[in-house]
Amino acid sequence: MIYVLVLASFLGFEIIRNVPTVLHTPLMSGANAISGVVIIGAIILIRQTEPTNYLMLTLGLVAIIAAMTNVVGGFAVTDRMLDMFKKKKK
Amino acid sequence: MSMDLLAYYELGYLICIIFFIVGLKGLSNPETARRGNTMAATGMGLAMVLALFQPLEQNHGNYFWIFAGILIGSGIGLASAKKVQLTAMPELVSLFNGLGGAASMMIAIVELYRFPQNAGAWDGQLLVTFFALFIGGISFTGSLIAYGKLQGFLRDSLYLPGSKYINLILLAGTIGLIGYALSQPTLDYTLVTVLLVISLVYGVTFVTPIGGGDMPVVISLLNSFTGLAAAFAGLIYGNQVMVEGGILVGASGTLLTVLMCQAMNRSLLNVIVGGFGGEGGGAAGLTREQVVKEANAADLSIQLKYSKKVIIVPGYGLAVAQAQHVCHELEKTMEAEGVDVKYAIHPVAGRMPGHMNVLLAEANVPYPKLLDLEDANKEFPTTDVVLVIGANDVVNPAAKEDPASPIYGMPILDVEMAKNAVILKRSMSAGYAGIQNQLFFGEHSRMLFGDAKSSLNKLVEEMGNA
């Protein structure tokens, strides 16, 4: 697992090494959407919860809503920003 | 249940990770950015499908709850992303980020609640769950504070005395608490609650002393925290895509944070500890009475008309006034008169790096018209008029001249080198860093007071008349 962590961090550094300033905001926003990957955990959590344990289910539901808002909103807002860059080229 | 099926799911998750990597890579190049974003989103969608159906040792389904959550979250996310004003984008990103942190925190709470009581001391699973809780909690409240500061309902005057020490004590307390909890044979829920409260408080005390002008850096840093929290949550489930995705964001977010600090010529530590306050120097030399020269739209429009070269320096004021379209119109009007018009973009102008680029792109300002800091500074000495629209700290000569100033050392746009500088501003109030700007009192400087949009409108109108 530790190899995986080191490799992934290294990749993360390498990937964005030469980002032009123009793209800092969309990149931050896109990366922010990816950090919503915690949605996977929220899904698994609910699947593992007893169907009668309403407290846990509710907490899980809140987690899914929060993570999903992060994911969908993050990607949508990034797309909106980038859309403006495209228009200008025409 | 056939657990050997899991291998296929592992492979699927690997494909998602590749989508993330290629997506991020794409996002770092203007040509491929949009495709990159779509790629990353596709990876996320695929990962979610896999998570819905991957074999679990204990599976109760509960799909109703899951789909309800997905629907509600998608609705809120889409609606807010569509509705948001361009100027409010940094705030929105900050809010989204806080939600991601909150999700990690909630997962950690649930997993701690059902943690096996017989796990024994020094359990690795327990450690990663604590981390997910702590980092997620900081990211949650920290992002909310950053949101509040950007929205302007939390002012920088909200000063915590000795916040440096409070933060150090909280951090030490957390480490001690986690260590103690781990050493116990059974998990004490009181400790979990205390840890949760500390992490929420820490997020507040961590971000509050940092000045509003530094919020872009803070959001980027909190973004990498959210990534880390997601990675720790992934370790709870041994889920590769969460771990890798989280670490990718954590690492790239950290690097982006450092890049932003470099653009301001400050270290990350300086940003975090420094806290651009109102106090601490910078006011030197302001005690004596100083007079500003006021410009009026009619005279200025004539001057603009007969200039050879004009450079526009946009700042947050342009964004607030939603004046990007009028600004582009003024630029076209001047161009029609044969004036060479360019824009000088400071790397940290606005509330987010690239903020001005996005804004001007929305108004269809051609990309080659945008000069970066270095090129702009070469052009200023031969420029007839510089129009500073709602920018302040990025053109403040104190960054070069006054070692006592909190922004000392930050590279600035040398607007005072131009033959004339006209500053469009609502009032004489200080910029976000809370410091006065000597440029306003400069020999070649004049002020055009008023809202950026109406001032620009007036200029366009006057140019038509002249």
Side-chain angles (χ1 to χ4, degrees), chain A residues 5 8-9 11-13 15-16 19 21-32 34-51 56-57 59-82 84-88, chain B residues 20 24-25 27-28 33-34 37 40-41 44 47 51 56 58-60 62 65-66 69-70 72-74 76-78 80-81 93 96-97 99-100 102-104 106-107 110 220 223 226-227 230 233 237 239 241-242 244-245 247-249 251-253 255-256 347 352-354 357-358 361-362 364:
Chain A
L5 293 183
S9 332
L11 253 176
F13 280 126
I15 287 173
I16 69 149
V19 193
T21 355
V22 199
L23 285 177
H24 277 183
T25 305
L27 180 71
M28 191 208 291
S29 174
N32 174 42
I34 295 180
S35 71
V37 71
V38 69
I39 181 91
I40 307 300
I43 292 175
I44 295 175
L45 179 150
I46 291 201
R47 285 183 61 200
Q48 288 178 336
T49 304
E50 293 280 341
M56 296 291 117
L57 282 174
L59 284 173
L61 178 73
V62 176
I64 286 204
I65 294 175
M68 199 62 199
T69 308
N70 185 3
V71 169
V72 174
F75 283 124
V77 111
T78 313
D79 194 63
R80 227 186 107 187
M81 288 183 207
L82 293 170
M84 288 159 205
F85 288 113
K86 209 191 76 193
K87 256 191 288 173
K88 148 212 86 189
Chain B
F20 285 165
L24 263 185
K25 180 88 198 150
L27 269 171
S28 57
R34 204 154 183 222
N37 187 48
M44 189 67 77
L56 294 173
Q58 192 189 18
N59 181 12
H60 297 288
N62 295 320
W65 291 83
I66 296 175
I70 289 177
I72 298 173
S74 305
I76 300 176
L78 267 185
S80 37
V93 172
F96 285 157
N97 187 52
L99 287 177
S104 295
M106 308 278 290
I107 288 176
V110 173
S220 177
N223 183 23
T226 309
Y237 300 106
N239 184 293
V241 77
M242 287 171 76
E244 309 274 306
I247 293 288
L248 267 181
V249 175
S252 58
L255 184 59
L256 193 56
M352 261 189 155
N357 303 75
V358 175
E362 192 214 0
N364 292 318

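Each chain gets a letter, A, B and so on, in the order its sequence line appears, and its residues count up from 1.
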S.K.: Nearest 0.5 Å, what's the CG-OG1 distance between N357(B) and T25(A)?
M.R.: 8.0 Å

S.K.: State, to 0.1 Å, how close R47(A) and I66(B) come at their nearest heavy-atom pair, and which atoms those are.
M.R.: CG-CD1, 3.5 Å

S.K.: To the nearest 0.5 Å, what is the distance between CG on N70(A) and CD1 on I76(B)?
M.R.: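 Separation between the atoms: 12.0 Å.
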
S.K.: Let me know if N239(B) has heavy atoms under 4.5 Å from chain A in its side chain, its backbone, both or neither.
M.R.: side chain

S.K.: To the nearest 0.5 Å, what is the distance between CD1 (I70(B)) and CD1 (I43(A))?
M.R.: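 With rounding to 0.5 Å, CD1 (I70(B)) is 4.5 Å from CD1 (I43(A)).
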
S.K.: Apply side chain to side chain contact (heavy atoms under 4.5 Å, CB included) to the pair T69(A) and I72(B), showing each step before the final yes or no.
M.R.: CA-CA 8 Å; T69(A) 308; I72(B) 298 173; over 6 Å; no

S.K.: Any donor and acceptor pair, going by atom type alone, linking the side chain of N62(B) with main-chain N or O of T49(A) inside 3.5 Å?
M.R.: yes

S.K.: Which heavy-atom pair separates N32(A) from N223(B) by the least distance, and what is that distance?
M.R.: CA-OD1, 3.2 Å

S.K.: Minimum heavy-atom separation for G69(B) to M68(A), with atom names?
M.R.: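 Scanning both residues completely, I find the closest heavy atoms to be O-CB, 4.3 Å.
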
S.K.: Considering only heavy atoms and a distance below 4.5 Å, find which of G30(A), P51(A), A42(A), G74(A) pairs most often with chain B.
M.R.: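 Top count of heavy-atom pairs under 4.5 Å with chain B: P51(A).
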
S.K.: Highest number of heavy-atom pairs under 4.5 Å with chain B: which of L45(A), V62(A), V71(A), I64(A)?
M.R.: L45(A)

S.K.: Rounded to the nearest 0.5 Å, how far apart are CG of L27(A) and OG of S252(B)?
M.R.: 6.5 Å

S.K.: Using heavy-atom distances under 4.5 Å, tell me whether I40(A) contacts chain B through its side chain, its backbone, both, or neither.
M.R.: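 Both backbone and side chain of I40(A) come within 4.5 Å of chain B.
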
S.K.: Taking all heavy atoms of L61(A) and all of W65(B), pick out the closest pair and write down the distance.
M.R.: CD1-O, 3.3 Å

S.K.: Relative to chain A, which segment of A233(B) carries a heavy atom at a distance below 4.5 Å: side chain, backbone, both, or neither?
M.R.: side chain

S.K.: Could you walk me through whether V38(A) and T226(B) pass the side chain to side chain contact (heavy atoms under 4.5 Å, CB included) check?
M.R.: CA-CA 9 Å; V38(A) 69; T226(B) 309; over 6 Å; no

S.K.: What pair of heavy atoms forms the shortest contact from M44(B) to G36(A), and how long is it?
M.R.: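 What the structure gives for the nearest pair is CE-C, 4.1 Å.
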
S.K.: With chain A as the partner, which of N37(B), L27(B), V93(B) has the greatest number of non-hydrogen pairs under 4.5 Å?
M.R.: N37(B)

S.K.: Evaluate R34(B) against M81(A) for side chain to side chain contact (heavy atoms under 4.5 Å, CB included), listing each step before the verdict.
M.R.: CA-CA 9 Å; R34(B) 204 154 183 222; M81(A) 288 183 207; over 6 Å; no

S.K.: Determine the option with the most heavy-atom pairs under 4.5 angstrom with chain B, choosing from A66(A), G60(A), S9(A).
M.R.: A66(A)

S.K.: Drop me the distance from S29(A)'s OG to N97(B)'s CG, to the nearest 0.5 angstrom.
M.R.: 10.0 Å

S.K.: Hey, mind stepping through Q48(A) and H60(B) against side chain to side chain contact (heavy atoms under 4.5 Å, CB included) and telling me if it holds?
M.R.: CA-CA 6 Å; Q48(A) 288 178 336; H60(B) 297 288; 5.6 Å; no

S.K.: For the atom pair CG (L59(A)) and CD1 (I107(B)), what is the distance rounded to the nearest 0.5 Å?
M.R.: 11.0 Å

S.K.: When only pairs under 4.5 Å are counted, which of G245(B), A40(B), A102(B) shares the most heavy-atom pairs with chain A?
M.R.: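 Of the options given, most contacts go to A40(B).
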
S.K.: Search all heavy atoms of S35(A) against all heavy atoms of A230(B) and return the closest pair with its distance.
M.R.: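 Smallest heavy-atom distance, with atoms named: O-CB, 3.8 Å.
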
